[in-house]
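Below is one structure; the comments refer to it alone.
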Amino acid sequence: MINKFRPDVMESLDVVWSGASIAIGGFGSSGRPDALLNALCDLDRRDLHVIVNNVGHDFTGVGRLVMEGRVRRVTASFPILQEFYDAYFAGKIELELIPQGTLAERLRAGGSGIAAFFTPSGAGTMLADGSFPLSYRDHEVATRLSAKETREINGRPHVLEQGIIADFGFAKAQKADPKGNLRFHLSARNFNPVAAMSGRTTFAEVEQLVEAGDIGPDDVHLAGVFVDHVVMTAAPEPANLSGTMEKSVL
Amino acid sequence: MINKFRPDVMESLDVVWSGASIAIGGFGSSGRPDALLNALCDLDRRDLHVIVNNVGHDFTGVGRLVMEGRVRRVTASFPILQEFYDAYFAGKIELELIPQGTLAERLRAGGSGIAAFFTPSGAGTMLADGSFPLSYRDHEVATRLSAKETREINGRPHVLEQGIIADFGFAKAQKADPKGNLRFHLSARNFNPVAAMSGRTTFAEVEQLVEAGDIGPDDVHLAGVFVDHVVMTAAPEPANLSGTMEKSVL
Amino acid sequence: MTVNAVAAATVIGRSRDDIARRLAEDLVDGYTVNLGVGIPLAVPNFLPDDREISLHAENGILGMGPHPGFGLEDPDLTDAGKQPVSLKVGAAIVDSATSFAIVRGGHLDVTVLGALQVSEVGDLSNWYVPGRNPAVGGAMDLVAGTPEVWVCMEHVDRKGISKLVPQCTFPVTGFRVVTRIYTDLAVFYVVDGRLLLKECAPGVSPADVRNRTAAAYTEDLFL
Amino acid sequence: MTVNAVAAATVIGRSRDDIARRLAEDLVDGYTVNLGVGIPLAVPNFLPDDREISLHAENGILGMGPHPGFGLEDPDLTDAGKQPVSLKVGAAIVDSATSFAIVRGGHLDVTVLGALQVSEVGDLSNWYVPGRNPAVGGAMDLVAGTPEVWVCMEHVDRKGISKLVPQCTFPVTGFRVVTRIYTDLAVFYVVDGRLLLKECAPGVSPADVRNRTAAAYTEDLFL
């Protein structure tokens with residue numbers, strides 16, 4: 001019988017290598033796969049390329065990876081964390097900044113065998129014209145994001161964006177069954193399905209393991225075919241996170 | 001209060017003009033919006049461009065439109081109906097034949113503001129190289145599908161496919177609430193979500209109208225923002241269609 | 001055209017809340033709307049009771065409601081600013097790819113955004129101040145995909161310099177995307193790449209607007 | 001190389017069911033597989049009990065089961081051939097765009113298809129016989145996206161002509177996509193654009209295969 005449940009997060013995640021690219025779900029701390037991210041730190045992986053919407057507002061989640069110097073490049077739309085920017089301007093991390101919708105679509109495209117697509121988002125801007133600083137050295141621009149191919153379609157300029165196939169996908173879900181079928185809760189869904197699709201090998205951390213059949217065929221949010229390994233979150237989510245919410249005020 | 005329920009199919013569909021392009025859900029007769037298609041015939045609309053996976057195996061659904069000579073062009077992957085092919089070879093209907101996955105993705109792309117995308121499906125084949133007959137005259141090829149732009153990406157040839165924005169989208173669902181949120185049943189979902197996304201104006205025919213809130217926020221298959229008008233199916237689906245199934249054997 | 005910064009102190013137009021209130025009047029019953037940070041966040045407070053406006057949040061909410069009240073926050077239900085929110089009856093959740101399919105595909109009616117600058121042809125700058133931390137979020141998708149992009153902003157910045165400019169000097173978010181501008185002093189429409197002054201705020205004269213506006217525009221006031 | 005059509009009558013290899021049975025042996029526990037029409041449809045009948053193979057149908061089913069039995073058919077649950085099917089426990093339904101995201105994105109393990117012709121570098125022709133009604137369905141997506149494309153077919157056509165050819169003469173479905181070929185006479189692998197004879201059917205000799213095969217290949221028989 002197919003059973004994607006893995007009892008030990010650390011053992012399961014040991015296949016992730018230093019230098020890997022990892023697509024990570026979550027929007028801020030909502031739906032962020034913290035158990036996987038912490039395990040990655042505990043396993044001492046380094047030189048990572050993380051593809052994620054936000055780096056975070058504190059030293060948890062991707063913020064911890066950044067603070068511990070484990071990240072070589074971030075592909076994101078809204079990093080937030082000041083310490084991330086400090087590392088960026090200091091030349092320690094590259095930032096591939098892309099529009100949020102482009103990020104979501106690039107992850108979906110990569111996971112869907114779509115090599116590239118034309119979108120109007122960002123056409124003609126600094127994020128498409130080759131001027132945005134990808135990296136700094138001594139607080140001077142060292143390299144810039146490559147200019148993106150632009151084409152007029154239906155009378156409007158569009159930029160060509162590449163699908164992202166990540167070495168690994170990290171998702172956080174509410175529930176999983178042994179086939180890897182996932183169900184998310186409210187807006188914690190966000191980037192998790194597309195991060196899972198983008199990964200060559202995908203890990204899902206979940207709050208609840210259920211029996212096969214407990215998630216009805218019409219109630220599956222992400223089909224198990226996109227998921228390779230299911231682990232439990234380190235701790236169940238507290239019912240009320242108002243304390244955390246206060247901290248997340250920008 | 002937003003209420004997308006429309007009591008009269010004919011009155012509601014009267015906005016569809018002859019010559020319109022219509023993206024239609026369904027896979028064979030499963031999930032096919034027959035009430036909408038019949039109303040279109042009863043309203044005597046002609047010269048239509050239908051975008052649909054199958055023309056059908058009999059004279060219902062899109063088959064009726066074809067048999068009544070109302071269709072100028074079919075964009076499809078698997079037409080099936082012999083009378084459709086007769087009309088095609090006789091020069092009465094154009095056939096834009098495209099791979100099924102390309103059809104699904106073109107509809108989603110059009111509805112998602114993605115103007116075009118590169119896919120490996122069909123690269124180098126008759127469906128991409130400009131040789132496939134789009135139309136016949138006196139049983140000789142009159143015009144051919146345009147050759148598609150091809151590009152090598154990641155070492156493999158890909159073809160550029162355009163997003164499809166249809167004038168109208170026709171979908172069939174199991175349930176709708178007044179906001180137009182839809183829920184589908186099993187494999188009758190198929191092309192319905194993407195046909196709905198592709199339409200500038202979208203009609204959904206449903207078996208059941210429910211109150212707002214009856215479909216939970218995590219249980220919506222297609223958000224009401226993609227749906228403009230909701231009508232009832234002409235007749236409720238019988239619980240058991242084994243008779244119809246017999247007829248559907250190819 | 002130069003801007004008379006001194007004159008700014010002598011004219012009092014709409015408050016930030018009043019800008020949001022004025023914009024809210026123009027939202028049509030049944031619209032689906034995305035609200036950016038800043039003044040736009042006040043818009044829901046001023047929607048007329050007889051209109052149902054559905055709010056979209058980039059992180060995948062359609063039918064977003066206000067803060068649920070202290071102690072009722074759900075970490076799995078936050079808006080695009082990571083703040084706790086509630087859901088209206090009939091709300092739907094989508095993933096991020098579908099959320100931006102809705103945005104890019106033109107399925108929203110209006111996007112309401114703040115701005116650093118708007119040019120006289122409707123170019124918008126609102127994502128990046130060079131030298132500060134760069135972040136873009138969904139702004140470029142929202143302006144590229146939404147048919148109506150309405151800006152709410154102060155007419156002039158803290159130094160009294162017009163934010164309506166001949167050409168944007170800050171990095172651009174989208175070109176020729178803004179369709180309306182609501183400021184403390186006036187309401188402008190952008191039609192076919194031309195800026196039209198449609199309305200002055202109560203107590204503000206067309207001359208007051210002229211003195212504080214660097215962009216070229218035509219007066220086309222509602223009667 | 002010419003094909004000795006007369007010889008075909010004197011060799012009896014695997015039946016169509018036996019071709020499906022032979023292929024089924026090679027499916028690994030846990031695989032997700034798409035089955036085309038023809039011989040591939042018989043594959044589920046021969047899966048060993050100790051292996052769980054998930055079946056995908058293009059119209060959006062993962063975990064498809066057999067016909068539910070007469071009287072239990074559901075018009076909302078059919079396979080890619082429009083036939084009534086059932087669901088296995090733990091099945092999932094997806095829309096057509098996601099179904100082909102799964103296909104194109106390489107998330108299936110094996111696609112099993114019938115063929116008109118397979119070339120010696122693994123080109124496949126199976127979608128169209130010129131002069132007949134053209135239809136393609138999901139074949140081009142399946143061969144473009146699935147890492148393993150296994151063909152089941154008769155070794156020669158009704159006229160005794162080899163379906164393994166130096167170059168496809170029928171319109172091609174996909175270039176260099178086929179990885180294995182299971183016929184009534186033999187099993188071939190395609191490795192780095194070269195055809196390898198891995199196995200002859202019981203009672204069939206390498207010479208029998210050679211006599212009925214127009215494509216160039218190397219003998220690389222399993223010991």
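Computed from a predicted structure; not experimentally measured. Every chain is numbered from 1 and lettered A, B, ... according to where its sequence line falls, protein lines coming before strand lines.
Considering only heavy atoms from C-beta on, Lys82(D) stays 4.5 Å or farther from Ser29(B) through its side chain. Annotation: side chain of Pro79(B) is not in contact with side chain of Asn133(D) (no heavy-atom distance under 4.5 Å).
Taken to the nearest 0.5 Å, the CG atom of Asp95(D) stands 13.0 Å off from the CZ atom of Phe27(B). Between atom CZ of residue Arg132(D) and atom OH of residue Tyr85(B) there is a gap of 12.5 Å, rounded to the nearest 0.5 Å. Note that the CG atom of Leu186(B) and the CD1 atom of Ile61(D) stand 8.0 Å from one another [nearest 0.5 Å]. From Thr119(B), atom OG1 reaches atom CG of Asp141(D) across 6.5 Å, with rounding to the nearest 0.5 Å.
Closest approach of Ser187(B) to Ile93(D), counting heavy atoms only: N-CD1, 4.1 Å.
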Report task. Tell me, with the steps shown, if Glu58(D) and Asn53(B) meet side chain to side chain contact (heavy atoms under 4.5 Å, CB included). Result -> CA-CA 12 Å; Glu58(D) 292 96 301; Asn53(B) 191 54; over 6 Å; no
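Listed by sequence position, Pro171(D), Val172(D), Thr173(D), Phe175(D) are the residues of residues 167-186 of chain D in contact with chain B, using a 4.5 angstrom heavy-atom cutoff. Of all residues spanning residues 98-110 of chain B, those with a heavy atom less than 4.5 Å away from chain D's heavy atoms are Ile98(B), Pro99(B), Gln100(B), Gly101(B), Thr102(B), Ala104(B), Glu105(B), Arg108(B), arranged by number.
Heavy atoms of Ala76(B) lying under 4.5 Å from chain D are absent altogether. Only the side chain of Asn54(B) has a heavy atom closer than 4.5 Å to any heavy atom of chain D. Only the side chain of Leu87(D) comes within contact range of chain B, with heavy atoms under 4.5 Å apart. Of the atoms belonging to Val94(D), it is backbone heavy atoms, and not side-chain ones, that fall under 4.5 Å from chain B. Of the atoms belonging to Pro193(B), it is side-chain heavy atoms, and not backbone ones, that fall under 4.5 Å from chain D. In this structure, no portion of Ala91(D) lies under 4.5 Å from any heavy atom of chain B.
Around atom NZ of Lys92(B), no more than 12 heavy atoms belonging to other residues, nucleotides or ligands sit under 6.0 Å away.
Val136(D) pairs by the side-chain contact (heavy atoms from CB on, under 4.5 Å) definition with Ser77(B), Leu97(B), Leu127(B), Trp127(D), Met140(D), not counting sequence neighbours.
Within the structure, every pair that satisfies the ring pair (Phe, Tyr, Trp, His ring centres under 6.0 Å) test and touches residues 126-166 of chain B, not counting sequence neighbours, is listed here: Tyr88(B)-Tyr136(B), Phe89(B)-Tyr136(B).
For the options Gly138(D), Ala139(D), Gly145(D), Gly60(D), heavy-atom pairs under 4.5 Å to chain B are most numerous at Gly138(D). When each of Ala144(D), Ala80(D), Pro134(D) is scored by its heavy-atom pairs under 4.5 Å with chain B, the top score falls to Pro134(D). Most heavy-atom pairs under 4.5 Å with chain D: of the set Gln174(B), Met126(B), His185(B), this distinction falls to His185(B).
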